[in-house]
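The figures here come from the full heavy-atom set of this structure, side chains too, leaving out hydrogens, waters and symmetry mates. For this chain, numbers begin at 1 and follow the sequence in order.
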Amino acid sequence: MAASGKSFLADAGYGEQELDANSALMELDKGLRSGKLGEQCEAVVRFPRLFQKYPFPILINSAFLKLADVFRVGMLGSMASIIPERKNAHHSIRQSLDSHDNVEVEAAIFAAANFSAQSKDFAVGICNKISEMIQGLATPVDLKLKLIPILQHMHHDASLASSSRQLLQQLVTSYPSTKMVIVTLHTFTLLAASSLVDIPKQIQLLLQYLKNDPRKAVKRLAIQDLRLLANKTPHTWSRENIQALCESALNTPYDSLKMGMLSVLSTLSGTIAIKQYFSSAPGAAATTARSFDLVKLAQECCYHNNRGIAAHGVRILTNISASCQEKDLLPLEQDAVFGLEALLVLCSQDDSPGAQATLKITLTCMVKLVKCRPHLSQSVVESLLAQLHSAQDNARILMCHCLAAIAMQLPVLADGMLGDLMDLYKLIGQSATDKKQELLVSLATVIFVSSQKALSTEIKTVIKQQLENASNGWTAYRIARQASRMGNHDMARELYQSLLTQVASEHFYFWLNSLKEFSQAEQCLTGLQEESSSSALSCIAEALKSYHKGIASLTAASTPLNPLSFQCGFVKLRIDLLQAFSQLICTCNSLKTSPPPAIATTIAMTSGNDLQRCGRISNQMKHSMEEFRNLATRYGDLYQSSFDADSATLRNVELQQQSCLLISHAIEALILDPESASFQEYSSNGTAHVESEYERRMMSVFNHVLEEVESLNRKYAPVSYLHTACLCNAVIALLKVPLSFQRYFFQKLQSTSIKLALSPSPRNPAEPIAVQNNQQLALKVEGVVQHGSKPGLFRKIQSVCLNVSSVLQSKSGQDYKIPLDNMTNEMEQRVEPHNDYFSTQFLLNFVILGTHNITVESSVIDSNGIVWKTGPKTTIFVKSLEDPYSQQVRLQQQQQQQGPAPAQQQQQRTAYSRF
């Protein structure tokens, strides 16, 4: 058996031998038909790998049909998303429901549930059948319990949902047993949530069972369904619903039920429902916040001996303080802070998973409270720092993350607090356990965030010493990466330099070397001095030198599997931006080195262009403005191609784009077109949504530059030294903000790619496909969306946009007058992936004889409607040939045109021969 199994797997293409798709499928089919159960199971397990290698519908459908022979109706249910409207499948399921074989009936129920979810026609047709079986006296109760959940999928239209709801209402009344009530109520809830009707009635029904039914199992089910509705439709909860839930929580003697009700209330407290609760209260204006039952419940639970109950209590108080800022909630703020501090002390000393989960909730509430109520930040930070020394290592890591999150929002960590952090860093560095290594990274992150300026020599020395004593290379790299993200490039450069000799791969060496050069380049820019253009030019030149070394190393670090496209694009744009800044400063200096000639005014009057009186600087400024606009467009293209990037990285790219637009606008407003310059569209909306220190400093520079430009606009005729000085100062101010290399530069948390297949396709990619010019080519485009380990972490694909265009490469035959519409093909279609697969067709015309180049490019559209240019781009060649009939007609016409010519020449010769 072992020998036969080995040969079967090897022949199936899972050993050294690689077969094509059909051969591999046939070999797996042999395994399925084997009389040995072990080989059958192994063949089933190998199918997913076959799907990954050949992810195309023809093969997958064939494979599912072969698997269906093994699993019968159950497999049919798994195929519901692929063949939802297949009528013969519908008929098979209906027949199987009447079978006397219990296994077949259960498989039919499974298939009926899946098809009802996918097909409206099947749901409408099967609803009466399911209702009869549920209400039939001959149907066993166990079978009814399996049939009832099918009704949750009867949401395709209002009448179907209404009839299903009436049936469920009868069942919950007629069958009061615990199992029947639980299944019926849950199906009730899922039907209401999917159909989006009668949700308020369902909330009232669940609250009624929660209050009146004495069975704990029913109460737990009611709480579970209420939580589902609170997450999905919080806007449908009225004040009366929340009040009823509060009363039930206040009156229940059971901690488990109280915690479940509090989890529903804590979910609602973070939504619009909390505003409705306070605003719709009778006499709300005169009522203090403490008099509400929800507040009383939260205050009562804040110091409960059950950690979970206490966590929900402080979360409710935090959400109320954050959401209802128009009310006088000072007492509630203090209650929230005291409750959070108590939980912090309790959970930081406990290393159990439950305590760590509660601590995460507590720290999240702290960050949210500080963000909405900045005046509470000092006390919260002090309590965190005080607890750091005595906390467990797991808790310390989480607390450091919390401190970093708070410090990124508000500069609350003073220099005096840095001393406490450094003492703790020295203490932790004496151990080399995994948790200590993680804690070293977390503490270093807090230190980098809290250091608003460059790190002092003492801090850098302490960090490097601890890394040398007790850390491994990975810890040092993570700390260096954090330093690059926070703009501490001097520290990052030294750490990258120390790691160069500790890697075994050539690609890793070049990667670290490129990071070292980039950090060195950004460190050069820290020597910029205000109002000193000469030093700025030298600093930029030094930075460009290091950047060019770095981009060479970065290119060497890339591989076909990891091309580092975003990193290369980001660095190349940074190099071009620095060169554009340098060129602008040189242009501003040219006003001193090359002032306008004496006849400049005459030239301006003659040409009618007033800017000509400024001399050559006017044309240079125009080129500079176009260069910055071009850079802004390229940053926009980089943004659009970064579908998998996190929001902080995208915001960083957006800030670079805005800096280019700012400089181009400043050039236009000060020099090229002061009269028509407008500042309203560039006005800042404040810093309410600032997420990092880097963004805060960049926005501050943007506002300052706009104010300076607006103050000079139209006051002085261009170009004066004040104008050029303003532009130089704007460049220096932008460069003085240390560049932040965000997460996506180092780490790709989400991975999404598209694989395209075109048909017809030639066997040889360089060989063209032959098409007659009087026919249309039906080009079928199939594709598969491939994901990494965390699909949809930042954004999800809603649809795929396919663009097909053709270009005539070489022409054959005579030139004909052909309408312009027939000369080119430019089409676009949007398709929604189904189980990550999509397919569509294009009809293309090739009237002109010759070789055409067809390009198919894909882009994706996320759930917010934003288009992302992810690629890929695929190219095939088509050779347009003249159809036989046209060729025959053309040849006949040529012969007819050439036929009389010899006779005419003969007649002329005869006439001449007479003389």
In residues 728-736, what donor-acceptor pairs under 3.5 Å come from side-chain atoms, sequence neighbours left out?
| unit_1 | atom_1 | unit_2 | atom_2 | d |
| --- | --- | --- | --- | --- |
| Asn729 | ND2 | Ala725 | O | 3.2 |
| Lys736 | NZ | Leu528 | O | 3.3 |

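Under the side chain to side chain donor-acceptor pair (under 3.5 Å) criterion, Ser535 pairs with Ser532, sequence neighbours left out. Applying the side chain to side chain donor-acceptor pair (under 3.5 Å) test to Ser484 and every residue at least two apart in sequence or in another chain returns Tyr496. With sequence neighbours left out, Phe741 forms a ring-ring contact (aromatic ring centres under 6.0 Å, His included) with His489, Phe745. Every residue was checked against the side chain to side chain donor-acceptor pair (under 3.5 Å) condition with Asp637, not counting sequence neighbours, and none meets it.
Taking CD1 from Ile667 and CG from Leu584, the interatomic distance works out to 5.0 Å, rounded to the nearest 0.5 Å. Of the inter-residue distances, the one linking Gln520 atom CD with Asp490 atom CG reads 8.5 Å to the nearest 0.5 angstrom. Between atom CD of residue Gln658 and atom CZ of residue Phe702 there is a gap of 5.5 Å, rounded to the nearest 0.5 Å. To the nearest 0.5 Å, atom CD1 of residue Ile585 and atom CG of residue Leu537 are 5.0 Å apart. Separation of atoms CG (Asp646) and CZ (Arg651) is listed at 13.5 Å; rounding is to 0.5 Å.
If you check the side chains of Glu517 and Ser553, you find no donor sitting under 3.5 Å from an acceptor. Judged purely by distance below 3.5 Å, without hydrogens or angles, the side chains of Asn652 and Gln656 pair a donor atom with an acceptor atom.
Centroid-to-centroid, the aromatic rings of Tyr477 and Trp474 come within less than 6.0 Å. For Phe581 and Phe628, the ring centers sit closer than 6.0 Å to each other.
Note on residues 576-585: pairs passing side-chain hydrogen bond (donor to acceptor under 3.5 Å, both in side chains), not counting sequence neighbours, are Asp576-Arg634.
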Would Lys622 and Glu668 satisfy salt bridge (Lys or Arg N to Asp or Glu O under 4.0 Å), going step by step from the backbone distance to the final call?
CA-CA 8 Å; Lys622 187 176 180 180; Glu668 183 180 23; over 6 Å; no
Using the rule given for side chain to side chain contact (heavy atoms under 4.5 Å, CB included), can you reason through Leu650 versus Arg795, listing the C-alpha separation, both sets of side-chain angles and the distance that settles it, and then say yes or no?
CA-CA 12 Å; Leu650 292 177; Arg795 53 198 65 85; 3.2 Å; yes
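Residues Arg696 and Glu693 are paired through a salt bridge, judged by an N-O separation under 4.0 Å between the basic side chain and the carboxylate.
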